[in-house]
Structure formats: structure tokens, C-alpha cells
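Small disclaimer: the values here were computed from a predicted structure and weren't measured. In each ligand, atom 1 is the first atom listed, and ligand 1 is the first ligand listed.
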Amino acid sequence: MPENLAYHSPAAPERFASIDRPTLVVDRARAERNIARMAAKAAASGVRFRPHQKTHNNVEIGEWFRAAGVTAITVSSVEHAVRFADAGWDDITIAFPLVTRAMPVIRDLAARVHLGLLVDNAVAIETLRSVPDPVDVWVDVDGGYHRSGVDPEGGGLFDLREPLLGLGRHRLRGVMTHAGNSYKAHELADIREVWRRTAATLSYAAEALERYTGRRGPDDDDIGDRRLEVSVGDTPGCSVMERFAGVDEVRPGNFVFYDCQQLALGVCDEDDLALAVACPIAAVYPQRNEVLIHGGSVQFSRDAATWPYGEHYGRLATVEADGWHPLPVEAGHLRAISQEHGVLRVSPEVLAELRVGDLAFIVPAHACLPANLVRDWLFI
Ligand code: PLP
């Protein structure tokens, strides 16, 4: 394989020769290394590893997790839960607040697998009475991201007391959050601080729920003897923390591929980047150092990464013997996208290397949506 600018289709290796549309290319060795590293860290910390499958949402990649010893998974919708249950997974948590309109499918799932469900309001908890088979119930607590979950500072947790006492056959398992606020960090120390604050907030919430539901007596004040579990999951925190202190379960998802956002946050290295979108080059515009690729918001979404001069949707990468490597942002980035169009801004040196008909390998700003949007996949 030629060194460096192997994204020229005439020079591209055979395995890319058939690509004629935006195609998700996954570097299996890198993804498996990312999985093994996270699994080992969870094991060394003595916490349950329940990786989120929403990033790849692909049952074949699910098998790479299974091969690494994973037995419990997280998914983000009832539909995903069914897909993974059909693929043989039998310990599944749906980490999206209960969609009460989906009860028939949820009842069916609860009969087939060990099911965990997330709730943050009384209506949802009361709806669980209609599920005959026991499920694990997790209370969604807002640890600071302000997307979903009960505010642990208000009276919201206390308000769940009665419905939780009426859970019957179901088991109140613990509290859960996604600390998406870690993505706003400016330095690694901020990510560690988000982790510590989130773990402390969730631990406080768990102990409050223990008290409200009679699991903790009035004199039973020792911090550190929690009976309810704390479950967290965000790739920045799970990648940066050397030990998963203060929690019982971790549910990162994005780490299987990583992306430009994670690279910019400093939580992964270039050679951890396991996903790129190979996009055909349709036109080259030398007068403005730009290139038109087939690959727009339909493939990349509008998730952006920041750099000193604004935002971009992905970085142009070279393909080398050991995988792809993003060029510096100024040398090649996805500057603009519309539905199917992507406009790559490149340096004059890179422009000189690009021709109509080549393939541009783009490491996306954020991997999760392209992995769910692009239909054609290639594992290398
Ligand atoms: N848990 C929940 C509830 C999530 O929504 C997400 C991602 O959005 C995750 C875990 C995984 O986080 P990440 O994608 O940062 O790995």
C-alpha cells in the first residue's frame, strides 16, 4: 500500500475499489483494542462494564464486545433492545427514560431477557405495574447535564417515594446518569472534576432514595455503604479516569470508535480512531482550495467539533499501513455540509494531491450519528 495519500482511488488498495458512495469504514483492530482497554479498566476497578451499543448499533460489532468478555449491555431504545435480544444478549438496560407507549414490546422483552429500565417520573414507575416479569428499575438522576433525570437538589426524589414503594415484583436497582457535560471540558482536569462531582451527586441521590424507601435507617449514616447502585457512562470520563472510583457500573459507548471531538478533548490518541467515512470526490475547486465530496448531513449529521477558527464536521485523513491518520485541521477539514454535499477545505499542498474520482477518508466530528446514518459498512 502506498504511504500517505492513499485516498486516491487509482492508488487505493483493492479493498476500497468498490466504494462508490459514502461508506463507513471500521478499523476492527483499533475497535477491539479500544474495547479490551475499557473492559480491563472496569475489571481492575471492580465495576460492572455495561457498554452502550448505541454508537455502533451493530450486532456484528456487539460480538467483538462479547469476545472481550462483556455479558451485559446498554441500548438507547426499545427497538435496539429487541435487535440485541434477537442477537442473543440476555442482560440489557434501556438507558432512555421509559417510553410508556411501548409497553407491549417492553412486556415481551421482560419475559425474554434480564431487562433494566430507566425512569424519572411517577407515571413511568406506575406503568411498570403492567409488566408481569420482574425488571430492574433505575432512577435517572440529573448529575449536571440537564438533559433528563430528577434534579437531586429539589424534592423530586422524595416525590418518587410512593411509586417506588409500590414497585412490587420489580427491583429498585440504583441511580443512573449520562454526564454529557464532560464534553464541554477545556482540559482533562475538568473531565476528572465532572466525574468526581457526578459520582458524588449520584451517590447522594442513591442514599436519599435508600432512606425514602426504607433501605437505610435514620441512624444508618455511613457514607460508602450504599445498597443502591450508581451507574454512569460518558466516554470522556471513562477514558480519562484511571480508576472508576465511586460508581458500580460504567456505560461508555463512543469509545469503541472515538472521533474528532474526543481527540480535541485529549481523551484518545490518533491511533484509537476506529471509524472513518470514505466519501467519493465529485469535484475539485482549485481557486478556493475546496473539494466537493458525496457526504453531507445525511451521513455526518450536524455534530461539529471546534477548532480555533470555528467548527468543522470532520477531518480529512491519510490512509497508511497502520490505519488512517487525520491531517491537521488546517490541512483538510469538512467545512460545510448540506443534505448530500460536503465541502472540504484543504491546504494547497493537499489540493494538489486530490482528483475527481478519489476517495476522501473523513474522521467525523462525532462518530455516533454517522454510524447510525450511513447504510454501507466495510470492516477492515
Ligand atoms: N448512557 C447514556 C444514557 C447515554 O445517553 C450515552 C450517550 O449519549 C452513553 C451512556 C454513552 O456515552 P458516550 O457516548 O459519551 O460514550
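- Checking only distances, Phe255 never comes within under 3.5 Å of ligand 1, N or O to N or O.
- Salt bridge Asp27/Arg33: absent, no basic N to carboxylate O contact under 4.0 Å.
- Close approach to Thr235 involves these atoms of ligand 1, each under 4.0 Å from a residue heavy atom: 13 (P), 15 (O), 16 (O).
- The proximity of Arg147 to ligand 1, defined as any non-hydrogen pair under 4.0 Å, is limited to the side chain.
- The shell of residues lying under 4.0 angstrom from ligand 1, judged by heavy atoms, includes Lys54.
- In this structure, Phe379 has its ring center under 6.0 Å from that of Trp64.
- If you look at Tyr183 next to ligand 1, the close heavy atoms, those under 4.0 Å, all belong to the side chain.
- Under the ring-ring contact (aromatic ring centres under 6.0 Å, His included) criterion, Tyr204 pairs with no residue at all, not counting sequence neighbours.
- Both the sub-6.0 Å distance and the 45° axial angle are not jointly satisfied by Arg147 relative to the ring of Tyr145.
- Only side-chain heavy atoms of His178 come within less than 4.0 Å of ligand 1; its backbone N, CA, C and O stay farther off.
- Protein heavy atom at the shortest distance from atom 1 (N) of ligand 1 is Arg251 NH2, 2.9 Å.
- Residues Tyr258 and His366 place their aromatic rings such that the two centres sit no closer than 6.0 Å.
- For ligand 1, the atoms sitting less than 4.0 Å from at least one non-hydrogen atom of Gly253 are 11 (C), 13 (P), 16 (O), numbered in the order shown with element in parentheses.
- A cation-pi arrangement is present between Arg66 and Trp89 under the rule of less than 6.0 angstrom and at most 45 degrees off the ring axis.
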Is there a ring pair (Phe, Tyr, Trp, His ring centres under 6.0 Å) between Tyr212 and Phe158 once you walk through the steps?
-> CA-CA 7 Å; Tyr212 302 153; Phe158 186 76; 5.0 Å; yes
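- Scanning the protein for heavy atoms near atom 3 (C) of ligand 1, the closest one is Ala95 O, 3.4 Å.
- In summary, the atoms of ligand 1 found under 4.0 Å from a heavy atom of Pro252, numbered by their order in the structure, are 16 (O).
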